[in-house]
Protein chains: 2
Amino acid sequence: MKIGQLAKALDVSTDTLRYYEAHGLLAPSARTESGYRVYTEIHLQQMHFILRAKDVGFSLREIQELLHIQIDKHQHSCEEVKYITLQKRNLVQKKINELQRFERSLTFLADRCCGGKESADYCSILTALEEVDDIN
Amino acid sequence: MKIGQLAKALDVSTDTLRYYEAHGLLAPSARTESGYRVYTEIHLQQMHFILRAKDVGFSLREIQELLHIQIDKHQHSCEEVKYITLQKRNLVQKKINELQRFERSLTFLADRCCGGKESADYCSILTALEEVDDIN
DNA sequence: ATAAACCTTAGAGTAAACCCCAAGGTCAAG
DNA sequence: CTTGACCTTGGGGTTTACTCTAAGGTTTAT
Ligand SMILES: [Zn+2]
Ligand SMILES: [Zn+2]
Ligand SMILES: [Zn+2]
Ligand SMILES: [Zn+2]
């Protein structure tokens, strides 16, 4: 398989595949005489792994770690894999909490503004942002 | 007030203040003969506005819009302000939903892995990522 | 034989919100 | 008069995951 075919099969760009190679995620095992990258079924499977991991929220750096383990499962433990997964979930939860704080503040602000066409001279959103004390 | 004093009063860096100036958020109204930026109480208040808006989740681009309105309230309406706020909340909610999808997937994965010290040969997280069908 | 479609590399550009550095000018105190 | 704290500009670096371009070489079909 050449890069274009693999890209089409996975619905990613050839640029993405070269990017993954440059960043240690997926290297073709061979090149043609003229230098074209050659991929096999194995690479297709590895890309599936990568894309699924991405879909679950892992960053490329984390996927690299997982791939490392996946390729040589025997030398690694469930403990490691679970640790990475829980670490990630922790990070995701922190982000969610921050965004929910934003959401609450924005709701608080929006609820108090009439949203009318009159001038914003006394808009409660603007005055709340001008005030010194916390919204929450 | 010189830039360092304003920075200290707000607990931000002088770099940040120069950055905001370069990006149209807060321009000192004067310079000393030697070129030093001069700030007043008004700038302090504007920075409070900016920082509070940031705290609520607005991006600098959005804050710029809000500032524009705040500075000339009379020419703008509550409708505009509320629109920006609701738009932002919408965006925040979308991000939350995506992260919650991640969270669910990661929880699903983690729950099924024993996390033990034995080899990862049959780790359910890895096999789930290898499989073709969706986790959710 | 030639055009279309494909491949190669290296390098630049994108978003967001800054941080850090160098080289030099300014200002108050001792 | 010099030290040290402050200020200036301009530029580069950070993070993430790519995308795009240029300039050229290769393959395949007609
Ligand atoms: Zn109103
Ligand atoms: Zn209003
Ligand atoms: Zn296990
Ligand atoms: Zn496991």
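Numbered from 1 within each chain, the chains take letters A, B, ... in sequence-line order.
- The ring-ring contact (aromatic ring centres under 6.0 Å, His included) pairs that include a residue from residues 59-106 of chain B number zero, where partners must be two or more places apart or lie in different chains.
- In terms of modelled atom types and a separation under 3.5 Å, the side chain of A/Lys82 and the main chain of B/Cys113 share a donor-acceptor contact.
- When the P atom of D/dC18 is taken as reference, atom CD1 of A/Ile63 falls 9 Å away, rounded to whole Å.
- The stretch residues 4-25 of chain B participates, sequence neighbours left out, in these ring-ring contact (aromatic ring centres under 6.0 Å, His included) pairs: B/Tyr19-B/His23.
- In this structure, NZ of B/Lys95 is placed 14 Å from C1' of D/dT16, rounded to the nearest angstrom.
- Straight-line distance from the CD1 atom of B/Ile50 to the C1' atom of C/dC18: 14 Å, rounded to whole Å.
- Distance CE (A/Met47) to P (D/dC18): 9 Å, rounded to an integer number of Å.
- B/Thr127 and B/Glu130 share no side-chain donor-acceptor pair at under 3.5 Å.
- Remark: side-chain polar atoms of A/Glu131 are not paired, donor with acceptor, to backbone N or O of A/Ala128 under 3.5 angstrom.
- Not a single donor-acceptor pair under 3.5 Å links the side chain of B/Gln75 to the backbone N or O of B/Asp72.
- For the segment residues 11-35 of chain B, the set of residues with a heavy atom within less than 4.0 Å of an atom of DNA chain D comprises B/Arg18, B/Arg31, B/Gly35, in numerical order.
- Within 4.0 Å (heavy atoms only), A/Lys54 reaches sugar-phosphate atoms of the nucleic acid but no base atom.
- Rounded to whole angstrom, the span from the CG atom of A/Leu6 across to the C1' atom of C/dC7 amounts to 14 Å.
- In this view, B/Phe49 satisfies the ring pair (Phe, Tyr, Trp, His ring centres under 6.0 Å) rule with no residue, not counting sequence neighbours.
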Map every base of DNA chain D to its dot-bracket character, where paired means a Watson-Crick or G-U wobble contact with both distances under 3.5 Å and | marks a partner outside the strand. ||||||||||||||||||||||||||||||
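- Between B/Arg37 and D/dT9, a side-chain N or O to OP1/OP2 separation shorter than 4.0 Å is present.
- Cluster membership check: B/Leu91 does not share its hydrophobic cluster with A/Val92, using side-chain heavy-atom separations under 4.5 Å among Ile, Leu, Val, Met, Phe, Trp and Tyr.
- At whole-Å resolution of the value, OH in B/Tyr39 and C1' in D/dT8 are 12 Å apart.
- Atom NZ in B/Lys2 sits roughly 14 Å away from atom P in D/dA5 (whole-Å rounding).
- Taking the side chain to side chain contact (heavy atoms under 4.5 Å, CB included) definition, one finds that A/Ser29 meets it with A/His43, sequence neighbours left out.
- The nearest whole Å value for the distance from the NZ atom in A/Lys88 to the C1' atom in D/dT16 is 11 Å.
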